[in-house]
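Working notes for the structure below.
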There are 2 protein chains.
Amino acid sequence: MVMPASAVAAPESGVPGSMGDVRRSNLSLVLGRIAEAPAGVHLSRAQVASATGLTKASVSSLVLDLLEAGLVREVGLSQQGRGRPSVGLELHPARSVMGMEINVDYISAGVTDLAGNLLVRETQERDNRSGGHVPVLAALAGLAAKVRAAAGDGGVQVLGGGLAVPGLVDPAAARVLTAPNLGWTNVDLDLGALLPDVPLGVELFNEANAAALAELRHRPDGASDFVFVSGEVGVGGGLVVGSELFTGPGGHAGEVGHIVVDPEGVRCSCGGTGCLETLSGQDAILAAAGIAAESRTRTESIEALVRALNDGQPRALSAVERAGRYLGVALASTARVMNIGSVVLGGHFAVLDPWLRVPLLNSLERYAPGRFAPEQVGLSAVGQAGALLGAAGSVVRSLVDAPHRLQ
Amino acid sequence: MVMPASAVAAPESGVPGSMGDVRRSNLSLVLGRIAEAPAGVHLSRAQVASATGLTKASVSSLVLDLLEAGLVREVGLSQQGRGRPSVGLELHPARSVMGMEINVDYISAGVTDLAGNLLVRETQERDNRSGGHVPVLAALAGLAAKVRAAAGDGGVQVLGGGLAVPGLVDPAAARVLTAPNLGWTNVDLDLGALLPDVPLGVELFNEANAAALAELRHRPDGASDFVFVSGEVGVGGGLVVGSELFTGPGGHAGEVGHIVVDPEGVRCSCGGTGCLETLSGQDAILAAAGIAAESRTRTESIEALVRALNDGQPRALSAVERAGRYLGVALASTARVMNIGSVVLGGHFAVLDPWLRVPLLNSLERYAPGRFAPEQVGLSAVGQAGALLGAAGSVVRSLVDAPHRLQ
DNA sequence: ACGATTAGTTTATTGCCTGAACTATATGCG
DNA sequence: CGCATATAGTTCAGGCAATAAACTAATCGT
């Protein structure tokens, strides 16, 4: 049995299908084609018809719905050879979505159009570890309102949003289960208050999961199956299987940072023992490299580490070597369990790639021989903004999956 | 984003939906309800209608199709209080599917009806390690023909089949990538020749995956998310997520036996290092327990081990303790990556449960604290026949998913 | 100017589900 | 016995969505 194709025409499993589902499915199909077109290329109704297999008549009718919903816009005429010129179709540039991020030492909010172009973004430095979650959310709501107003001045309407936090989340319940680096446990978020009066609401994401979605959208190779591992203080992970985020039964799969890579290892902040994070997280690497964390921001510490590596300091080199080796152990196990043989490195793993790559590849070859070609280990295509872009993009994705929600 | 519900009305992603898809979806829905009913309970059209949400008119029409396809049968009348008595519906008892299994030292074939009751089964002892795959498949084809004839004498028609093999498979290509214990590498199977002239063909499965499907069907608690781990010479695994087998992008996810649990460990038959199999597989346990494998079948060796455990022999106890401990390491990592907190033990893990359970639970608590309640570690409900039942049952499942294939 | 060519719309048809009316078959009570 | 009541299942008109084919619209080439 193969993974099911993503549900196209069904409202839910176990519920009767009716012709309305067909309409929804085909609306999604048409909107998806229009959204997929490269920037600057505007498909015509006829092109959409031949690309989807729908008839011209059906596409005309479906496009009419999308125009009325304000999701799609007609743009100029264009002539291809003989015949009547075609009317271009594009995602409506005045419809947008918001991405938000709460991290340890900043909050951030940004608006992208439906094609994923960042229109506005603001980041606010802020120590989010003290004072609990209430002031953080209040500050973020303010920042979001500001960014939204800026977008609104440009005539852009925000349809919905996504929020990324560095911790375990229950998206259905809008609840942060644990975010060790924020010191949050079982925090219920009022997502509605964060971005009031948007038709599509606000979705909650784990940071690495959101970043994985951003990678999915922006990867030049168009890979549809990979593990994204993000090295921060913690080690986060996001699993993309069949161009979908895999979140598991409870919504928080992908904790690559807590794979056990050394059963005799030290205690982890998660309560476990010998997790990858205890050997390849930032604190572990900096400590092993002999770089004191005190009186420095984390960015500065990583910069110091890179200098040490460039200087060829043995302690730094062996610290990174160890991190790469154990990262390989965890990814080898992931490859075996999930059958994914492609990796995208983010956070400090991307920064340290020049020194990390060889030990990582060696480790992969030792623990999962023949499963990872070197070109299957890539670096993040979106970098720092990944979580925000991914959270925003996921709203677009859910909109494309169910365009009827805006009618 | 949550796992998509299984596609109900869509043929495939990226293809236009039409009204025929609605029909297919609803056929599946109706057949599914009829199949779900407990043994001996026969739903009426009216009950199916209220259970599914379809109208009586639609259900009547859909049931007619299923009757004509021979998938469903009307059975007697039954009176519930007042009113016209209802006509019972059941899966047609004369339609059946075949499950087949190739293992190291036997081949087996059996026929079950669509409700999963085993009608005939034959097992043939056979050394499948020598001589390559051709004679094995010839022998299995013979055995299948025999079993099919026996079922045919009872008036039962075989609609399709499933074959389980102990190795990595590519189901789409009908290819066994590697089956170390059989000595097979990149073997293409002619599944059509194995069971000629069946309308639904033959599907190929990894043995543990098939067994996981059988567990899914027969679990008393009706769990829909679990890891099945089967202890044999190798350690196999099957992942069930949302009542679906998770096979990963390439079709061979779930290799729990090759999670790295000891990076400094010994070489594994898969080419890796420190795999779970090298510490919790049968050979590893028997060797650590000091039980010589020579001049015994594997069953006898395990029996000897159980005697030693009952006698309280320290070497045997510590061997099993170690196996349980490392099994816990692997399952803790699986829980983190897949977000699955429920386990079903099969093979020797089930047999050794009295001695294995405590170290396993301790290990789970150490490496993934709070994720596994003791009652979430269960034993196989189907035992030895699991792979065969699962392979057969998967054909029923795919038939319920797409009943129109028989019309 | 006019045919060729391509884009998009209109119209008739088909398939499928729905709701309401209808038929069928039982029970229970006077 | 007869009739009200209740439940199962069928028939039929209506609506929606996709399709195919005919039709209108707009442009190019000669």
Side-chain angles (χ1 to χ4, degrees), chain A residues 8-11 15-31 33-34 42-68 72 74-89 403-404 407, chain B residues 8-11 15-30 33-34 42-68 72-89 403-404 407:
Chain A
V8 176
V15 166
S18 62
M19 281 161 303
D21 302 323
V22 175
R23 186 73 175 174
R24 280 190 278 283
S25 158
N26 287 337
L27 272 175
S28 165
L29 187 64
V30 168
L31 184 57
R33 288 288 166 168
I34 295 171
H42 303 307
L43 296 181
S44 67
R45 289 170 173 79
Q47 286 171 315
V48 171
S50 78
T52 57
L54 289 159
T55 61
K56 288 189 295 173
S58 302
V59 170
S60 272
S61 158
L62 291 161
V63 165
L64 189 63
D65 280 9
L66 295 173
L67 289 170
E68 282 172 356
V72 162
E74 291 187 338
V75 48
L77 295 178
S78 74
Q79 189 61 33
Q80 33 251 34
R82 281 234 242 282
R84 172 174 167 175
S86 60
V87 179
L89 299 170
H404 62 278
Q407 302 200 347
Chain B
V8 175
V15 165
S18 62
M19 283 161 303
D21 302 323
V22 176
R23 186 71 174 176
R24 280 190 278 282
S25 156
N26 288 337
L27 272 175
S28 164
L29 187 63
V30 168
R33 288 286 166 168
I34 295 171
H42 302 308
L43 295 181
S44 67
R45 288 170 175 80
Q47 287 171 316
V48 171
S50 78
T52 55
L54 289 159
T55 60
K56 287 190 296 172
S58 302
V59 171
S60 273
S61 158
L62 291 161
V63 165
L64 189 64
D65 280 10
L66 295 173
L67 289 170
E68 282 172 355
V72 163
R73 194 174 68 161
E74 291 187 337
V75 47
L77 296 180
S78 75
Q79 189 61 32
Q80 33 252 35
R82 284 239 242 278
R84 171 173 168 177
S86 60
V87 180
L89 299 170
H404 61 279
Q407 303 197 348

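Each chain gets a letter, A, B and so on, in the order the sequences are listed, and its residues count up from 1.
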Do V22(B) and N26(B) have side chains that approach each other closer than 4.5 Å (heavy atoms only, starting at C-beta)? yes
Mind listing the residues from residues 54-61 of chain A sitting with a heavy atom below 4.0 Å of DNA chain D? Number order is fine. L54(A), T55(A), A57(A), S58(A)
Considering only distance and modelled atom types, tabulate donor-acceptor pairs under 3.5 Å from the side chains of residues 81-89 of chain B, sequence neighbours left out.
{"unit_1": "S86(B)", "atom_1": "OG", "unit_2": "S78(B)", "atom_2": "O", "d": "3.4"}
{"unit_1": "S86(B)", "atom_1": "OG", "unit_2": "S78(B)", "atom_2": "OG", "d": "3.3"}

For A49(A), give me all partners under side-chain contact (heavy atoms from CB on, under 4.5 Å), at least two apart in sequence or on another chain. K56(A), V59(A)
Pairing residues for T55(B) by the side-chain contact (heavy atoms from CB on, under 4.5 Å) criterion, not counting sequence neighbours: A57(B), S58(B)
Contact nearer the 5' end of DNA chain D, comparing R84(B) with M19(B): R84(B)
Would you please test L54(A) and V30(A) for side chain to side chain contact (heavy atoms under 4.5 Å, CB included) and show each step? CA-CA 9 Å; L54(A) 289 159; V30(A) 168; 3.8 Å; yes
With the side chain of R82(A) defined as its heavy atoms from C-beta on, choose the nearest nucleotide among dC16(C), dA7(C), dT5(C). dT5(C)
side-chain hydrogen bond (donor to acceptor under 3.5 Å, both in side chains) with E74(A): which residues, sequence neighbours excluded? R45(A)
Looking at residues at least two apart in the chain, or sitting in another chain, which of them share a salt bridge (charged side-chain N to carboxylate O under 4.0 Å, His left out) with R73(B)? E90(B)
Roughly how many Å is it from CG in L64(A) to C1' in dT10(C), rounded to a whole number? 14 Å
With sequence neighbours excluded, tell me which residues meet side-chain hydrogen bond (donor to acceptor under 3.5 Å, both in side chains) with R23(B). S61(B), D65(B)
Grab the CZ-P distance between R23(B) and dT14(C) for me, whole Å please. 18 Å
OP1 or OP2 of dC16(C) under 4.0 Å from side-chain N/O of N26(B): no
Students should find that the nucleotides of DNA chain D closing off the region near chain B, any atom under 4.0 angstrom from a heavy atom, are dT5(D) to dA18(D)
Residue whose nearest DNA chain C nucleotide is more 5′ - L62(B) or G83(B): L62(B)
